[in-house]
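Since we're looking at a predicted model, the values are computed, not measured.
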Protein chains: 2
Amino acid sequence: MATIKDVSKETGLSIGTVSRVFNNRGYISKETREKVEAAVKKLNYQPNAIARSLSKSSSNIIGVILPHISHPFFSDLLSYIENATREKGYSLMVFVTKGDEEAELAMINRCRENKVCGLILCSGRFATKKIESNEFPVVAIERNPEGASFAIECNNRQGGRLAAQELIDKGCKNLVSLAGIKGRKMPADDRSTGFEEVCRENSVNFTCLTYPPELYDRLDYTAFIDKVLTERPNTDGIFASSDIIASQVIQVAASKGLKVPEDLKVIGFDDTLIATYTTPQLTTIHQPIKEMAELAVSTLIGLKDEKSATGCTIMNVSLVKRGTT
Amino acid sequence: MATIKDVSKETGLSIGTVSRVFNNRGYISKETREKVEAAVKKLNYQPNAIARSLSKSSSNIIGVILPHISHPFFSDLLSYIENATREKGYSLMVFVTKGDEEAELAMINRCRENKVCGLILCSGRFATKKIESNEFPVVAIERNPEGASFAIECNNRQGGRLAAQELIDKGCKNLVSLAGIKGRKMPADDRSTGFEEVCRENSVNFTCLTYPPELYDRLDYTAFIDKVLTERPNTDGIFASSDIIASQVIQVAASKGLKVPEDLKVIGFDDTLIATYTTPQLTTIHQPIKEMAELAVSTLIGLKDEKSATGCTIMNVSLVKRGTT
DNA sequence: CTGAAAGCGCTTACAG
DNA sequence: CTGAAAGCGCTTACAG
């Protein structure tokens, strides 16, 4: 592997000068530039990002920590984050943790060790505050900021409102909201808040249920849904806080002989691919996942210098009507 | 951020000695070790992986290149790869490319720049051969090796055979295989081969169709499926080369008034989460995704020194019967 | 068992 | 416009 030293020898220029043309720093004569370019080609020179990072003491690596990759919301999110990151010339380092605080701390240490230039923290359990005042900026997506970091979330409350309204408009009288993990505080909790508001405004019966964290970790809610439907046989509308949960509601309903949407209407959240694979297709709340991802990346990159920036952006959601309501 | 220099000062030991205790090289007196440990704690010292990589001229970063993240097969695969990577003490750098050769080359360069210690190449279009003879070993998953790298694939041919057999056992007379991308050679092509074999052995009518690469890139096959079903109205069994395609077959069939499995039987491939979200649930060919991911990672790490290792492991598949056959 | 020194491949003021 | 030199934070033979 050719190094800058080889290019220097090949061209007869000093290492410093060669480095300057690579970085476009200061004035460089046309002749010099051409010499260097020729040598680069000839030697098939590739800069060593590690060495560069060390001397600049900052890398071009963005770290991202998320609770799942297989969950469609997160696989979409990650997909868009990767794309935005790469297009801006950065590389992505990915870590998955199910929200275990200790594990997450270990990952943050990994990020530190690898001198990431920024970190995107997606959902997950614990407060962002604790990792503030660090070497790199962090932006949170759908996560409880509690501190001074920059946060991006969708308008969860509005999403909950839209869901309740749609269910009520379609004639539901006994609603259930399956939104929120027992014992964890997160922006998604606002989904239930909005839902509740609209139910009260319309004097419609409702219950907001939260589920144990294990279900979220394993992505299997069927037993829980079955129990809910059994214990509350007159439920005629369900608001699920993800398309995954909603899909499973459809499955469980079918197994109990309930027709969707005739006997039971359901609304999901996220608007991922699977919303179109169920039968009937899922009515759901659309999250602007792509925009959230892109905003996270560009904010992070913009934050490089002012590490103490603070703020919270709330993105719009919308109702996508399909076949389950 | 404390450096090794600070630890050296704090303990009164030389930098070399401190480094030695971190790396457990040679003999170190108990007293020295304790002093260092105390200093580390006091200063909250964290090693700089970048600096270490530079001096060892090799990092602890594994690179992975894949064509999709949102596709359930790849999100599962990536998920397992991340887990295996992290458990072995490595970090994961993720790149997505839809198989464009130039883009992929650029990503391989990124890996080179970042001095990854190994690369996992998932599916995608172009030959692995071209990136051989490099600084790092590469292992391919579901990809045409064509060169000297190490490859892992599932028994695609057997998968095709199992699918055809199941469809025939259930009484199908006119089969269609939707497996393979037009103009790209990949291990998954063997799915059709096995399918064809069994159809011939049983003298059953069949057609093997390939689809244009754009469909794979966008993950939307509905128009194509619709055309197939319209042009071949007597089709009574479809073998789709992924659960995604199979899900869309179910949707399209419904839109045309075809009942699954009564009028049309369908089998998918992969056995990912979405196979359980369709109605009816998908009969599919199970790929050992987790095992493939883990084997890829451990092989890669084992290959570190013998970069020229060669081989191909073929993993078993099995038929998972659910509701679409 | 430990220290001194060279080296990994770059960047960046500082001179000139 | 270009060169020489220090420095980024570590590792690793080589002495002792």
* Asked: For the residue pair A/His68 and A/Tyr216, is the inter-centroid distance of their aromatic rings smaller than 6.0 Å?
  -> yes

* Asked: According to a strict under-4.0 Å criterion, is A/Asn23 in side-chain N/O contact with OP1 or OP2 of C/dT12?
  -> no

* Asked: Does D/dC8 have OP1 or OP2 sitting under 4.0 Å from an N or O in the side chain of A/Ser53?
  -> no

* Partner nucleotide, any strand, of D/dA13 [Watson-Crick/G-U, under 3.5 Å] -> none

* Asked: Does B/Arg218 come within less than 4.0 Å of B/Glu214, counting only side-chain N to carboxylate O?
  -> no

* Asked: Any side-chain N or O of B/Ser14 less than 4.0 Å from the OP1 or OP2 oxygen of C/dG3?
  -> yes

* To do: To the nearest Å, give me how far apart CD1 (B/Ile4) and P (C/dA4) are.
  => 14 Å

* Kindly point out which of D/dG3, C/dT11, D/dT11 is positioned nearest to the side chain of A/Arg52? => C/dT11

* Asked: Who is the Watson-Crick or G-U wobble partner of C/dA4, with both distances under 3.5 Å?
  -> none

* Hey, is the side chain of A/Thr17 poking within less than 4.0 Å of OP1 or OP2 on D/dG3, counting only N and O atoms? -> yes

* Of A/Lys30 and B/Gln46, whose nearest nucleotide on DNA chain D comes first from the 5' end? -> A/Lys30

* **Whole-Å distance separating the CG atom of B/Asp6 from the P atom of D/dC8** => 11 Å

* Using a cut-off of 4.0 Å on non-hydrogen atoms, how would the nucleic acid contact of A/Ile50 be classed: base, sugar-phosphate, or nothing? -> nothing

* Asked: Would B/Arg20 and B/Asn23 satisfy side-chain hydrogen bond (donor to acceptor under 3.5 Å, both in side chains), going step by step from the backbone distance to the final call?
  -> CA-CA 5 Å; B/Arg20 242 168 266 126; B/Asn23 294 288; over 6 Å; no

* **Interatomic distance, A/Lys35 NZ vs D/dC1 C1' [rounded to whole Å]** => 12 Å

* **Among D/dT2, C/dC10, D/dT11, the one nearest A/Arg20 by side-chain distance** => D/dT2

* Between C/dT11 and A/Ser19, is there an OP1 or OP2 to side-chain N/O distance shorter than 4.0 Å? -> yes

* Can we say B/Glu104 and B/Arg143 salt-bridge, meaning some charged N sits less than 4.0 Å from an Asp/Glu carboxylate O? -> yes

* Interatomic distance, B/Ile15 CD1 vs D/dC8 C1' [rounded to whole Å] -> 12 Å

* Interatomic distance where CD belongs to B/Glu34 and C1' belongs to C/dC1 [whole Å] -> 15 Å

* Asked: When rounded to the nearest 0.5 angstrom, what is the spacing between CZ in A/Arg33 and CG in A/Leu13?
  -> 12.0 Å

* To do: Determine: side-chain N/O of B/Ser29 to OP1/OP2 of C/dT2, distance under 4.0 Å, yes or no.
  => yes

* Between P of D/dG9 and CZ of A/Arg112, the distance in whole Å -> 16 Å

* Could you check which of C/dG9, C/dG3, D/dC10 has an atom nearest any side-chain atom of A/Ala51? => C/dG9

* Length of the NZ-P vector between A/Lys9 and C/dC10, whole Å -> 13 Å

* To do: Could you tell me the separation between the NZ atom of B/Lys115 and the P atom of C/dG9, rounded to a whole number of Å?
  => 8 Å

* How are the rings of B/Phe22 and B/Tyr45 set to each other: parallel, tilted or perpendicular (split at 30° and 60°)? -> parallel

* **B/Leu54 vs B/Val18, nearer the 5' end of DNA chain C by closest nucleotide** => B/Val18

* **Nearest-neighbour nucleotide for the B/Arg25 side chain, D/dT11, D/dT12, C/dT11 considered** => D/dT12

